[in-house]
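Below you'll find the structure, written out as structure tokens, and then a few comments.
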Amino acid sequence: MFWFLLIALVVVVAAVTLAVIGGGAEAVLPEAEPDRVADALPETRPVLREDIDALRLPIAPRGYRMAEVDDVLDRLAAELAERDARIAELTAALTPAAQAPAVAPAPADRPVDLTKEER
């Protein structure tokens with residue numbers, strides 16, 4: 001039993017030594033490329049509801065990648081701010097038109113017909 005444990009210990013030490021020395025200057029495992037979402041939101045037109053419904057963010061071991069979610073939320077916030085500014089601009093353009101008199105005054109050369117009760 002002693003010889004078996006001694007041989008197993010030598011084999012384990014030799015395997016670890018070969019793994020460390022055998023790698024040389026290179027790492028044992030290459031660096032993994034971080035998976036990034038190819039931004040599925042369109043660049044040439046405003047984001048539509050269907051674009052948001054179709055958007056899928058990559059899942060990380062502990063949930064979603066914070067940088068990916070932050071990028072998408074920043075993009076959506078910028079587009080919403082742009083839309084709000086446009087809505088405010090259009091509303092302001094309509095406001096002076098709404099203040100114009102809606103009823104045209106009666107012409108002065110037309111006789112006014114008063115009923116008995118109004119006299």
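Values below: all heavy atoms of this structure, side chains included; hydrogens, waters and symmetry mates excluded.
Grouped by direct or indirect side-chain proximity (heavy atoms under 4.5 Å, Ile/Leu/Val/Met/Phe/Trp/Tyr only), V11 sits with I7.
Residues that satisfy the side chain to side chain donor-acceptor pair (under 3.5 Å) test with E82, not counting sequence neighbours, are absent from this structure. Under the salt bridge (charged side-chain N to carboxylate O under 4.0 Å, His left out) criterion, E50 pairs with no residue at all, not counting sequence neighbours. For the side chain to side chain donor-acceptor pair (under 3.5 Å) test, residues two or more places apart in sequence or in another chain that qualify with D51 are R45. A search for side-chain contact (heavy atoms from CB on, under 4.5 Å) contacts involving V13 returns L9, T17, not counting sequence neighbours.
The two residues P46 and R83 have their closest heavy-atom pair at CB-NH2, 3.2 Å.
Listed by first and then second residue, the salt bridge (charged side-chain N to carboxylate O under 4.0 Å, His left out) pairs that reach into residues 86-95 are R86-E89, sequence neighbours excluded.
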